[in-house]
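Working notes for the structure below.
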Amino acid sequence: MQLHNTLSGRKEDFAPLNPERVTMYVCGPTVYSFAHIGNARPAVVFDVLARVLRRRYPRVDYTRNITDIDDKINAAAAKEGVAIKVITERYTDIYHEDLDALGVARPTYEPKVTEHLAHIISMVERLIANGSAYAAEGHVLFNVTSYAGYGELSKRDRREMIAGARVEVAPYKKDPGDFVLWKPSTPDQPGWESPWGRGRPGWHIECSAMAEALLGDTIDIHGGGHDLVFPHHENERAQSTAAHDGKTFARYWLHNGFLTMDSEKMSKSVGNVLLIREILKAAPGEAVRLALLTGHYRQPLDWNDEALADARRKLDRLYGALRDAGDVAASDAKAPDAFIAALEDDINTPAALAELFELARALNKASDAAEKATLVAQIKDAGALLGLLQQNPGEWFSQSSGTASEGPSETEIEAALAARIAAKTAKDYKEADRIRDDLKARGVLVEDSKDGQRWRRL
RNA sequence: GGCUCGAUGGCAGAGUGGUGAUGCAGGGGACUGCAAAUCCCCGUACGUCGGUUCAAUUCCGGCUCGAGCCUCCA
């Protein structure tokens with residue numbers, strides 16, 4: 001298996017430190033608002049990676065955190081006049097619902113910052129003790145000059161970074177690049193007791209502490225969105241390496257490319273965010289998931305209505321092949337080698353999907369029952385690795401296009417179909433076609449097959 | 001301004017130093033009462049200018065355009 005490592009800038013052979021326990025950490029959401037479709041990309045991509053790894057390794061410990069201490073959360077809570085827990089629990093639930101709809105399996109561990117304060121504090125103490133960090137005016141800062149490898153991950157020169165920095169440098173910093181590990185809270189802000197007074201952790205230390213607590217000093221894979229490379233992952237790397245006597249923190253750094261809207265980054269300031277739940281009103285979650293896997297994970301992906309419609313049509317084809325195979329009992333065949341090879345080549349989902357379509361064509365052409373059984377099993381097993389094609393074809397074709405869409409009920413459809421078959425038997429094709437056109441106008445496509453009429457929602 | 005990554009047919013999107021993945025759309029045919037679905041056939045795509053090479057879309061360099069980071073951000 002090969003994975004592209006941001007640190008080296010190239011694809012590398014993947015070999016876990018301990019094949020009996022593969023460890024993976026992915027930065028999860030800050031729960032202060034609804035998740036948008038851009039947030040869904042890493043969740044889906046790394047979900048696929050976890051599935052692929054689990055096929056090969058007996059145990060994959062996948063940790064994806066929930067950031068439930070953050071100034072944006074504080075702002076949201078203050079605005080509503082509620083405790084931060086009200087905000088964080090609400091949006092954690094919503095995040096779970098949204099990802100469930102996209103078929104994203106829960107990670108092995110889903111730690112919250114509020115559950116790891118003791119660990120964070122102990123890590124900060126260790127960093128101060130070994131000279132990597134210092135306390136100043138109620139803050140604790142990590143001294144970037146103490147870590148020679150600073151800038152290696154994001155390929156930045158520290159001096160250039162300082163020169164180009166647009167932020168004002170706080171007077172208590174020893175070096176302009178130093179970043180906060182702990183900061184003081186005012187009495188009206190959420191805070192926790194610490195050796196440096198009542199305060200709260202900085203953004204970067206939480207991931208280092210939780211990764212250490214759940215996965216150990218050295219982890220195999222660290223993932224996240226490309227925007228996290230700097231400063232978040234650069235800082236995590238510095239902290240963890242410094243806290244562990246120079247031991248490697250993450251062996252493979254994986255970063256997914258951005259999702260754009262009309263070729264522009266999705267962001268609240270631009271006003272072009274598209275929430276996952278808004279999309280789900282008009283499209284099945286499975287189609288959203290496939291749309292996210294259409295391009296390679298490291299490439300930028302432009303989101304638009306056509307991409308989503310395209311994904312639906314692809315699923316129509318795939319489910320259509322499974323449906324037309326009828327009731328053949330699937331054999332125990334597994335996904336073919338070419339499909340696995342594509343996914344094990346740095347998660348090349350477009351190439352894997354191409355293999356899946358080849359299987360579908362073969363299934364459509366197959367006439368032998370044993371051959372069909374093998375192909376059905378292969379398609380389902382391959383689909384499972386992508387988190388797709390696990391429903392019955394009948395469910396796929398009869399489901400409405402989203403949580404908000406409407407259309408004639410199944411009872412109505414069945415009644416219309418009965419009338420149409422009667423018209424057809426009487427060779428009244430004009431009436432039969434009228435019924436078909438009428439249903440089509442209402443979003444239901446009727447098809448005649450060798451097994452009689454069948455329908456699907458458009 | 002500095003850094004990183006891209007530019008493939010009507011659209012989306014892999015890949016490769018020398019036989020044009022895959023899906024959608026489009027054209028032709030088979031099948032069908034007609035459709036739909038399915039199957040078969042059909043496209044001289046690799047931003048631009050140079051270089052290396054017997055041969056470049058694929059390697060190297062310039063240019064143009066695009067995305068991202070340098071500030072919270074998936």
Side-chain angles (χ1 to χ4, degrees), chain A residues 6 9 26-30 32-33 35-46 64 67 70-72 75 151 154-157 159-168 177 203 223-232 234 255-260 263-269 273 290-291 293-302 304 306-318 320-321 323-324 338 342 345 348-358 360-361 363-366 397 424 427-430 432-433 436-437 440 445-450 453-456:
Chain A
T6 305
V26 173
C27 294
T30 300
Y32 70 102
S33 184
H36 60 68
I37 185 65
N39 298 310
R41 172 117 100 141
V44 169
V45 164
F46 292 110
R64 188 187 63 214
T67 296
D70 181 89
D71 288 354
K72 288 190 291 296
S154 54
K155 318 243 183 299
R156 271 160 228 268
D157 181 81
R159 286 177 195 145
E160 284 175 4
M161 279 156 50
I162 294 159
R166 284 183 241 158
V167 279
E168 210 174 305
W203 174 38
H226 206 264
D227 58 332
L228 294 180
V229 175
F230 189 88
H232 188 53
E234 191 72 71
H255 293 99
N256 65 273
F258 262 66
L259 199 139
T260 56
S263 302
E264 188 173 27
K265 181 179 175 179
M266 203 176 283
S267 80
K268 289 189 177 171
S269 51
V273 290
L290 176 54
L293 295 174
T294 297
H296 184 86
Y297 79 95
R298 282 192 283 116
Q299 296 304 125
L301 179 69
D302 196 49
N304 52 58
E306 199 170 333
L308 196 52
D310 211 52
R312 283 202 64 171
R313 282 184 290 238
K314 285 177 179 173
L315 286 166
D316 281 342
R317 177 165 173 82
L318 262 12
R323 174 194 58 194
D324 293 346
D345 179 14
N348 191 337
T349 52
L353 285 166
E355 294 299 329
L356 200 47
F357 283 107
E358 298 280 5
R361 170 179 286 114
L363 178 57
N364 282 329
K365 287 170 73 171
F397 286 111
K424 275 187 71 173
K427 296 214 188 290
D428 183 356
Y429 293 119
K430 204 173 168 187
D433 291 350
R436 188 170 64 194
D437 291 344
K440 190 174 183 184
L445 182 72
V446 178
E447 301 171 349
D448 293 321
S449 77
K450 61 178 164 43
Q453 293 175 299
R454 67 185 181 211
W455 59 275
R456 61 187 231 232

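Convention: sequence-line order gives letters A, B, ...; per-chain numbering from 1.
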Exercise. Provide the distance between the two P atoms, one in B/G18 and one in B/A25, to the nearest whole Å.
Key: 32 Å
Quiz item: A/Arg313 side chain N/O closer than 4.0 Å to the phosphate oxygens (OP1, OP2) of B/A12?
Solution: no
Exercise. Under a 3.5 Å limit for both distances, which nucleotide forms a Watson-Crick or G-U wobble pair with B/A67, could you say?
Key: B/U4
Exercise. Would you indicate what A/His296 reaches in the nucleic acid, counting non-hydrogen atoms under 4.0 angstrom: base, sugar-phosphate, or nothing?
Key: sugar-phosphate
Quiz item: Counting side-chain heavy atoms from CB outward, which of B/G23, B/G33, B/A74 is closest to A/Asn39?
Solution: B/A74
Self-check item: A/Arg323 to A/Phe397 six-membered ring, cation-pi geometry met (6.0 Å, 45°)
Solution: yes
Quiz item: Counting distance only, does the side-chain N/O of A/Glu355 pair as donor-acceptor with the main-chain N or O of A/Ala338 below 3.5 Å?
Solution: no
Self-check item: For atom CG of A/Leu301 and atom C1' of B/G13, their distance in whole Å
Solution: 10 Å
Quiz item: So, is the end of the A/Arg64 side chain (NZ or CZ) under 6.0 Å from the ring centre of A/Phe46 and within 45° of the ring's axis?
Solution: no
Quiz item: Rounded to whole angstroms, how far apart are CG on A/Asn256 and P on B/G68?
Solution: 14 Å
Self-check item: For atom CG of A/Asp302 and atom C1' of B/G66, their distance in whole Å
Solution: 11 Å
Quiz item: In whole angstrom, what separates A/Leu356's CG from B/G23's C1'?
Solution: 11 Å
Self-check item: A/Glu234 CD to B/C3 P, straight-line distance once rounded to whole Å
Solution: 16 Å
Practice problem: Rounded to whole angstrom, note down the C1' distance from B/C11 over to B/G43. | Solution: 14 Å
Quiz item: Paired with B/C31: which nucleotide, if any, by Watson-Crick or G-U wobble criteria at under 3.5 Å for both distances?
Solution: none
Practice problem: Assign A/Phe357 to base, sugar-phosphate, or nothing according to its heavy-atom contacts below 4.0 angstrom with the strands shown. | Solution: sugar-phosphate
Quiz item: NA contact type, A/Glu358, heavy-atom cut-off 4.0 Å: base, sugar-phosphate, or nothing?
Solution: sugar-phosphate
Quiz prompt | Rounded C1' spacing from B/C31 to B/A37 in Å | solution = 11 Å
Exercise. Please report, rounded to the nearest Å, how far the C1' atom of B/A14 is from the CG atom of A/Leu290.
Key: 15 Å
Quiz prompt | Rounded distance in Å between the C1' positions of B/U57 and B/G17 | solution = 10 Å
Quiz prompt | Rounded P spacing from B/C24 to B/G13 in Å | solution = 16 Å
Quiz prompt | Nearest-nucleotide pick for A/Thr30, side chain only, options being B/C69, B/A74, B/A21 | solution = B/A74
Quiz item: Over how many whole Å does the gap from A/His232 atom NE2 to B/A74 atom P extend?
Solution: 10 Å
Quiz item: Base, sugar-phosphate alone, or nothing: which one does A/Leu259 contact when heavy atoms must sit under 4.0 Å apart?
Solution: base
Mind listing the N/O atom pairs, protein and nucleotides 34-37 of chain B, below 3.5 Å?
residue	atom	partner	partner atom	Å
B/C34	O2	A/Arg436	NH2	2.4
B/C34	N3	A/Arg436	NH1	2.9
B/C34	N3	A/Arg436	NH2	3.4
B/C34	N4	A/Asp448	OD2	3.0
B/A35	N6	A/Asp448	O	3.1
B/A35	N1	A/Asp448	N	2.8
B/A35	N3	A/Arg436	NH1	3.1
B/A36	O2'	A/Glu447	OE2	2.6
B/A36	N1	A/Asp448	O	3.3

Quiz item: A/Asn348 has an atom CG; how far is it from atom C1' of B/G15, in whole Å?
Solution: 8 Å
Quiz item: Does any nucleotide pair with B/A36 by Watson-Crick or G-U wobble geometry, both distances under 3.5 Å, and what is it?
Solution: none
Quiz item: If every non-hydrogen atom of A/Asp448 is compared with every non-hydrogen atom of A/Arg436, which pair is closest and at what distance?
Solution: OD2-NH1, 4.2 Å
What are the atom names and distances for every N/O pair under 3.5 Å that joins the protein to nucleotides 4-9 of chain B?
none

Self-check item: Nucleotide nearest A/Glu306 (side chain, heavy atoms from C-beta), chosen from B/A21, B/C11, B/G33
Solution: B/C11
Exercise. Tell me which nucleotide among B/A14, B/C70, B/A74 gets nearest to the side chain of A/Phe230.
Key: B/C70
Quiz item: Should the pair A/Lys440-A/Asp437 be classified as a salt bridge under the 4.0 Å nitrogen-to-oxygen rule?
Solution: no
Practice problem: Could you please name the partner base of B/A25, counting Watson-Crick and G-U wobble pairs only when both distances are under 3.5 Å? | Solution: none
Exercise. If B/G9 has a Watson-Crick or G-U wobble mate with both distances under 3.5 Å, name it; if not, just say none.
Key: none
Quiz prompt | Side chain of A/Asp310 (C-beta onward), nearest among B/A74, B/C24, B/C69 | solution = B/C24
Practice problem: Please give the nucleotide sitting opposite B/U57 as a Watson-Crick or G-U wobble pair, both distances under 3.5 Å, or none. | Solution: none
Self-check item: A/Asn364 side-chain N/O to B/C39 phosphate OP1/OP2 under 4.0 Å
Solution: yes
Exercise. In whole angstrom, give me the gap between the P atoms of B/G2 and B/U8.
Key: 26 Å
Quiz prompt | Under 3.5 Å donor-acceptor, A/Thr349 side chain and A/Leu293 backbone | solution = yes
Self-check item: C1' atoms of B/U58 and B/G6, separation to the nearest Å
Solution: 15 Å
Quiz item: Is B/U52 paired to anything, Watson-Crick or G-U wobble with both distances less than 3.5 Å, and if yes, which nucleotide?
Solution: none
Exercise. Using the P atom as the reference point in each nucleotide, state the distance between B/G26 and B/G10 in Å, no decimals.
Key: 15 Å
Quiz item: Does A/Lys365 make a side-chain N or O approach to OP1 or OP2 of B/C40 shorter than 4.0 Å?
Solution: yes
